[in-house]
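Working notes, beginning with the structure itself.
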Amino acid sequence: MLQKYNAKNDNIQVWVGDRLYHRNEAKVSVFDSTVQGGDAVWEGSRLYKEGVLHLDQHIDRLFASAKALAYDHIPTRAFIKDAIKQTLEANNMTEDTLMRITLSRGEKITSGMDPRLNQKGSCLIILAEWKPLVYDNDSGIRVITSTQRRNGPQFLDSKIHHNNLLNNILAKIQANFAGVDAGVMLDERGFVAELNDTNLFMVKDGTLYTPFANACLHGITRGFVIELAQNNNIPVQEKNLSLVEFYNADEVFATGTMGELTPVMEIDGRTIENNADSAIRQQLNELMYASLRERCEKL
């Protein structure tokens, strides 16, 4: 599925550093760490009419990633929330909006890898776009297994939500050439980790399963789904899961801020056959929407 350009975004205002700019004027320096080495961290957050979903959790994870990378002069939570509020108000956005909150290490005094060259502090970027869910959650998606493995913590810990996404992009390229929607990424041992852009769940015989978050992000929507299952008597387990288990599941679905709960209808040409007439994804989707108000923050 290729996302389409939305003309409503022609004149959006984008926050860079400490103020708003028209999208055509919103720029970072060629000496910024994002340009120099993909040295930035980010969060994707969605605005519903009830407010911004799980905003504090996203900011917490942004701070954790920035700490892991030893960033200096990180903006405060209050500053970030105010920047988000100003951005949404400037664009008259009240719902149906996806925000990308980026924090780079900032501008360098000269080109180089050494973080000591970053002497101007970090740079905050708030990009808010009118953007519907990126997947068709009625028809679902088709995926293939990628040859590109997901990073384990011995290489580059996926718990750092960083901008260096080339391994995910390579998996997406494979999916594009295969004419499907996304690539399943395995860990270094061959167990399923996640899709190139979202976490994965499967259902078998009434139990909800998801891979251990060893080589994938601790997704906030992933955690939300696990919590909803635990609170509503749906058995849920984290475990090592093989492709064969996913091929033979009753249900498979992806979770993420960008797409919510998306059914996966086919993996590597194998149709997901719901012989048990399972409806756990639908149940969880209804539970999610029922709890949006208490999970969203109005700014």
Side-chain angles (χ1 to χ4, degrees), residues 14-18 28-29 32-47 52-84 87 98-108 113-128 149-172 185 187 193-199 210-224 226 255-259 295 297:
V14 181
W15 185 279
V16 181
D18 60 0
V28 296
S29 167
D32 192 273
S33 282
T34 309
V35 180
Q36 292 272 318
D39 186 359
V41 296
W42 68 283
E43 290 293 320
S45 187
R46 181 167 287 281
L47 175 68
V52 183
L53 182 61
H54 294 140
L55 179 56
D56 277 317
Q57 286 180 257
H58 282 290
I59 295 175
D60 286 344
R61 193 168 64 182
L62 188 78
F63 286 160
S65 296
K67 181 178 181 180
L69 294 176
Y71 281 12
D72 287 326
H73 307 295
I74 299 169
T76 65
R77 186 182 302 268
F79 183 91
I80 294 173
K81 286 188 177 183
D82 183 62
I84 293 171
T87 303
L98 186 67
M99 290 183 292
R100 189 179 177 101
I101 307 164
T102 301
L103 187 68
S104 88
R105 195 183 296 272
E107 188 177 340
K108 293 177 177 289
M113 189 181 298
D114 192 338
R116 292 175 297 180
L117 299 174
N118 295 78
Q119 298 178 14
K120 295 188 176 182
S122 58
C123 178
L124 177 68
I125 303 168
I126 310 286
L127 172 60
R149 298 299 175 101
R150 193 66 169 92
N151 287 329
Q154 72 272 44
F155 303 114
L156 178 57
D157 198 332
S158 59
K159 307 310 175 294
I160 303 172
H161 203 196
H162 54 79
N163 278 43
N164 193 335
L165 298 173
L166 282 177
N167 66 332
N168 302 68
I169 292 169
L170 285 168
K172 177 60 174 170
M185 301 185 73
D187 66 19
E194 60 182 347
L195 293 183
N196 60 269
D197 53 7
T198 45
N199 292 119
T210 194
F212 286 121
N214 295 329
C216 70
L217 188 70
H218 275 109
I220 290 172
T221 307
R222 173 186 181 275
F224 189 18
I226 291 172
T255 63
T257 300
M258 56 180 274
R295 302 297 184 118
E297 179 174 345

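What's counted below: heavy atoms across the whole structure, side chains too, no hydrogens, waters or symmetry copies. When a residue number appears, it is its place in the shown sequence, counting from 1.
When side chains are defined from C-beta on, Ile84 counts as touching Leu55, because their heavy atoms get closer than 4.5 Å. When side chains are defined from C-beta on, Leu165 counts as touching Trp42, because their heavy atoms get closer than 4.5 Å. Proximity of Asn199 to Cys216: side-chain heavy atoms (C-beta onward) are separated by under 4.5 Å at one or more points. Counting heavy atoms from C-beta on, the side chains of Val41 and Leu62 come closer than 4.5 Å. Proximity of Leu69 to Ile160: side-chain heavy atoms (C-beta onward) are separated by under 4.5 Å at one or more points. A 4.5 Å side-chain heavy-atom check between Val16 and Cys123 finds at least one atom pair inside the cut-off. At a threshold of 4.5 Å between non-hydrogen side-chain atoms, the residues Leu103 and Ile80 do not count as touching. Proximity of Ile101 to Trp15: side-chain heavy atoms (C-beta onward) are nowhere separated by under 4.5 Å.
Asp187 meets the salt bridge (charged side-chain N to carboxylate O under 4.0 Å, His left out) test with Arg189; sequence neighbours excluded. Residues forming a salt bridge (charged side-chain N to carboxylate O under 4.0 Å, His left out) with Arg150 (at least two apart in sequence, or on another chain): Glu194. Under the side-chain hydrogen bond (donor to acceptor under 3.5 Å, both in side chains) criterion, Asp157 pairs with no residue, sequence neighbours left out. For the salt bridge (charged side-chain N to carboxylate O under 4.0 Å, His left out) test, residues two or more places apart in sequence or in another chain that qualify with Arg61 are Glu43. Residues forming a side-chain hydrogen bond (donor to acceptor under 3.5 Å, both in side chains) with Asp114 (at least two apart in sequence, or on another chain): Arg116. Partners of Lys81 by salt bridge (charged side-chain N to carboxylate O under 4.0 Å, His left out), not counting sequence neighbours, listed by chain and number: Asp56, Glu297.
Minimum interatomic distance between Phe79 and Leu124 (heavy atoms only, all atoms of both residues): CE2-CD2, 3.8 Å. Here the closest heavy-atom approach between residue Ala66 and residue Ile74 is recorded as CB-CD1, 3.7 Å. Nearest heavy atom pair, residue Arg105 against residue Pro115, reads NH1-CB, 3.7 Å.
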Inset, instruction - Test Arg295 against Phe224 for side-chain contact (heavy atoms from CB on, under 4.5 Å), laying out the working first. - result: CA-CA 10 Å; Arg295 302 297 184 118; Phe224 189 18; 3.5 Å; yes
Inset, instruction - Decide yes or no on side-chain contact (heavy atoms from CB on, under 4.5 Å) for His58 and Val52, but give the supporting numbers first. - result: CA-CA 10 Å; His58 282 290; Val52 183; over 6 Å; no
Inset, instruction - Report the C-alpha distance between Val28 and Val35 in whole Å, list the side-chain angles of each, state the deciding distance to 0.1 Å, and finish with yes or no for side-chain contact (heavy atoms from CB on, under 4.5 Å). - result: CA-CA 8 Å; Val28 296; Val35 180; 4.1 Å; yes
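Taken to the nearest 0.5 Å, the OG atom of Ser45 stands 8.0 Å off from the CD1 atom of Ile59. If you take CZ on Arg46 and OG1 on Thr257, they are separated by 8.0 Å, rounding to the nearest 0.5 Å. The distance from atom OG1 of Thr221 to atom CD1 of Ile226, rounded to the nearest 0.5 Å, is 11.0 Å. In this structure, Met185 CE and Asp197 CG are separated by 10.5 Å, a value rounded to the nearest 0.5 Å. How far CG of Asp60 is from OG of Ser65: 11.0 Å, rounded to the nearest 0.5 Å. Here Ile125 contributes atom CD1 and Met99 contributes atom CE; the two are 15.0 Å apart, rounded to the nearest 0.5 Å.
Side chain of Ser122 to main chain of His73: a donor-acceptor pair is present (N/O by atom type, distance under 3.5 Å, no hydrogens or angles). Side-chain N or O atoms of Asn168 include one that pairs as donor or acceptor with a backbone N or O of Asn196 at under 3.5 Å. Looking only at distances, no side-chain donor or acceptor of Thr34 sits under 3.5 Å from a matching main-chain atom of Ala40. Of the possible polar contacts, one joining the Lys159 side chain to the Asn214 backbone as a donor-acceptor pair under 3.5 Å is found.
Between the side chains of Asn118 and Ser33, at least one donor N or O lies within less than 3.5 Å of an accepting N or O.
Heavy atoms from other residues, nucleotides or ligands lying under 6.0 Å from NZ of Lys120 number 12 at most.
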